[in-house]
Protein chains: 2
Amino acid sequence: MTAKIVVLLVDDHAVVRAGYKTFLSLSDKVGMIYEAERGESACQLYNQYQPDIVIMDLSMPGMGGFESIRRLVSRDAHCKILVSSIHNELVYVTRVIKAGAKGYITKNNSPETLMAAVYQVASGNTFIEPALAQQLAINVASERGVSNQIEELSPREFDVFCLLANGLTTRDAAEKLCLSYKTVCNHTTAIKEKLGIKTLAELALVATRQGILETFDRSSMAMLEK
Amino acid sequence: MTAKIVVLLVDDHAVVRAGYKTFLSLSDKVGMIYEAERGESACQLYNQYQPDIVIMDLSMPGMGGFESIRRLVSRDAHCKILVSSIHNELVYVTRVIKAGAKGYITKNNSPETLMAAVYQVASGNTFIEPALAQQLAINVASERGVSNQIEELSPREFDVFCLLANGLTTRDAAEKLCLSYKTVCNHTTAIKEKLGIKTLAELALVATRQGILETFDRSSMAMLEK
DNA sequence: TTGATTTCAGGAAAAATTCCCATGACTAAA
DNA sequence: TTTAGTCATGGGAATTTTTCCTGAAATCAA
């Protein structure tokens, strides 16, 4: 057996990091575990320790998970990133893989599944959570784009889409993405065009209906629908 | 000190539960820790073990955190629920407390804060995360109700609000309401001001969270106003 | 009646958006 | 290697939307 797996854990929630550490330490193949709260420090720690695998949460403050993935990959093309997300929507899976991650699992998995994913990714393979992989396969086979028009958005457009859907102004989104205001304007126009919508409100509705935005209180909404 | 604190942990993510267990076991005042993946089983386990405190995640599949709180409280009015959420929006705090929870903290807290919250709630007090409590106090003091600013909209403003929330453009809304475009613009500005929002996307989000959708005619609006 | 509030809307100014264009980077095909 | 295509980025000008201020008419409660 080779050396132990060095892990970099990126998640803004201390509780969640503690959970991962507990799970990971069940295996004797895992060595040092470094932790980062956000994307910025993750990049720095990555360079410093050269971990065998990065386990990353998607929804983080600051630059966010997607941008973090892109940066890590642009620095080191062989960077092995396993995304662990609370989202079980297919849109995310495809996006994340496109961005350069090597694996995707949701957080409601057993330690065993997590470790299986870690081994796979750390040894250079890919790992998509079986249930999601199934759905993905079906979707692809049935010729229907994963989530219709949203899939047609370019990666950058998707970034902008997410921020706008969350209620950010064009200016705020530009700042968050470190882009010119005009660029975001142009992306926004393209997004509206592709999705066939006119207002930001529609954009937010599309996002919520696709489950891209967590609406927090689904139960009471379900009640209203009846 | 009396007997140890019996905890019921409700979160659909195994990793997160593991994190809590790690944090909680740092204290010798915590005794048994039971776990539930979702609201349904939480109710059952609650009856079975009568825990001193329930630590609950908000965003869960199935009945969801919100509904779970209501059920637990309706069964046992003295049920002590500490909500631990990834959301740091005030809306959630107030709604959760209204639903009957006794505490609210976000997930990016230290073990110490978590334990402080657990002690407080378990011993019959309440605990709101300090930072959020601050904001809440400020909001209340400045007279702006947190969640139901919608109540402050005038009837006409509410009409406009509903249309915009459904994705209509200002022009379309004006036509639908037989108003001048400028009038609708002005109403929109007033609405944004009252709700403290900047974009139509936010408007749509507020509407979804309040469960207001496709309520065009005045009759159903009158119902909502009560 | 009086004062407060709501509804309506116009004009001028400010801000946001669209549309068109150009650049550089990258990729896939010929 | 050349070519063609896409993507991301943003500038400039024109256009559209929104804000802000103003006032008039209507309603309502005290």
Side-chain angles (χ1 to χ4, degrees), chain A residues 63-64 66-78 94-100 145 149-204, chain B residues 143 149-165 167-204 218 221-222 224-225:
Chain A
M63 72 166 78
F66 279 106
E67 188 56 28
S68 307
I69 295 173
R70 285 199 214 103
R71 290 209 192 172
L72 284 174
V73 171
S74 74
R75 269 177 182 64
D76 175 7
H78 302 295
T94 51
R95 291 279 155 194
V96 155
I97 300 299
K98 274 183 194 166
Q149 302 140 314
I150 291 185
E151 271 308 300
E152 292 182 6
L153 299 183
S154 75
R156 208 48 165 164
E157 285 164 354
F158 189 71
D159 290 346
V160 175
F161 173 82
C162 287
L163 293 178
L164 294 180
N166 272 293
L168 273 76
T169 63
T170 312
R171 289 226 144 76
D172 291 345
E175 193 171 340
K176 192 139 197 165
L177 295 171
C178 296
L179 285 179
S180 151
Y181 163 67
K182 292 302 298 289
T183 303
V184 177
C185 275
N186 288 334
H187 282 312
T188 307
T189 306
I191 292 168
K192 286 185 186 168
E193 162 76 27
K194 287 188 181 175
L195 301 186
I197 60 177
K198 288 181 178 174
T199 69
L200 286 185
E202 277 184 282
L203 193 150
Chain B
E143 210 80 3
Q149 297 136 322
I150 291 185
E151 296 299 321
E152 292 183 4
L153 298 183
S154 75
R156 206 50 163 166
E157 283 165 354
F158 190 72
D159 291 348
V160 175
F161 173 82
C162 288
L163 294 178
L164 295 180
L168 273 75
T169 64
T170 312
R171 289 225 143 76
D172 292 344
E175 192 172 342
K176 193 136 196 164
L177 294 171
C178 295
L179 286 179
S180 152
Y181 163 67
K182 293 301 299 290
T183 303
V184 177
C185 274
N186 290 332
H187 281 313
T188 308
T189 306
I191 292 167
K192 286 185 185 167
E193 162 76 26
K194 287 188 181 176
L195 301 186
I197 60 177
K198 287 181 178 173
T199 69
L200 285 185
E202 277 184 281
L203 194 149
R218 281 198 170 255
M221 287 184 201
L224 280 169
E225 273 168 17

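The model shown is predicted, which means the values in this text are computed figures rather than measured ones. Below, chain A is the first sequence line, B the second, and so on; all start at residue 1.
- With rounding to whole Å, A:Glu193 atom CD is found 15 Å from C:dC20 atom C1'.
- Dashed line: the shortest gap from a side-chain N or O of A:Ser154 to OP1 or OP2 of D:dT6 is not under 4.0 Å.
- At the phosphate of C:dA9, OP1 or OP2 sits under 4.0 Å from a side-chain N or O atom of B:Thr183.
- Distance alone, capped at 3.5 Å, is enough to place a donor-acceptor pair between the A:Asp76 side chain and the A:His78 backbone.
- In terms of phosphate contacts, B:Lys192 brings no side-chain nitrogen or oxygen within less than 4.0 Å of OP1 or OP2 of D:dT18.
- Whole-Å rounding puts the B:Tyr181 OH to C:dG10 P distance at 12 Å.
- The nearest whole Å value for the distance from the CG atom in A:Asp159 to the P atom in D:dC7 is 14 Å.
- More than 12 heavy atoms of other residues, nucleotides or ligands sit less than 6.0 Å from atom NZ of A:Lys194.
- B:Thr188 places a side-chain N or O within 3.5 Å of a backbone atom of B:Val184 that can act as its donor or acceptor partner.
- Using a 4.0 Å heavy-atom criterion, one finds that A:Thr188 contacts no nucleic acid atom at all.
- A:Asp172 and A:Thr169 form a side-chain donor-acceptor contact under 3.5 Å, judged by distance and modelled atom types alone.
- Two residues, A:Thr189 and B:Lys182, neighbour DNA chain C, and the one matched to the more 5' nucleotide by heavy-atom proximity is B:Lys182.
- Out of C:dT7, C:dT17, C:dA9, the shortest distance to the side chain of A:Thr170 is found at C:dT17.
- As judged by a 4.0 angstrom heavy-atom cut-off over every strand, A:Thr169 is placed among residues making no nucleic acid contact.
- Rounding to whole angstrom units, CG of residue A:Asn186 and C1' of D:dG12 are separated by 11 Å.
- Contact annotation: B:His187 reaches the phosphate of C:dC8 (side-chain N/O to OP1 or OP2, under 4.0 Å).
- Side chain of A:Glu157 to backbone of A:Ser154: a donor-acceptor contact under 3.5 angstrom is found.
- Note: CD1 (A:Ile197) to C1' (C:dT17) measures 14 Å, nearest angstrom.
- In this entry the distance linking CD of B:Glu175 with P of C:dC8 reads 16 Å, nearest Å.
- When the P atom of C:dT7 is taken as reference, atom CG of B:Leu177 falls 11 Å away, rounded to whole Å.
- In this entry the distance linking CG of A:Leu179 with C1' of D:dC7 reads 13 Å, nearest Å.
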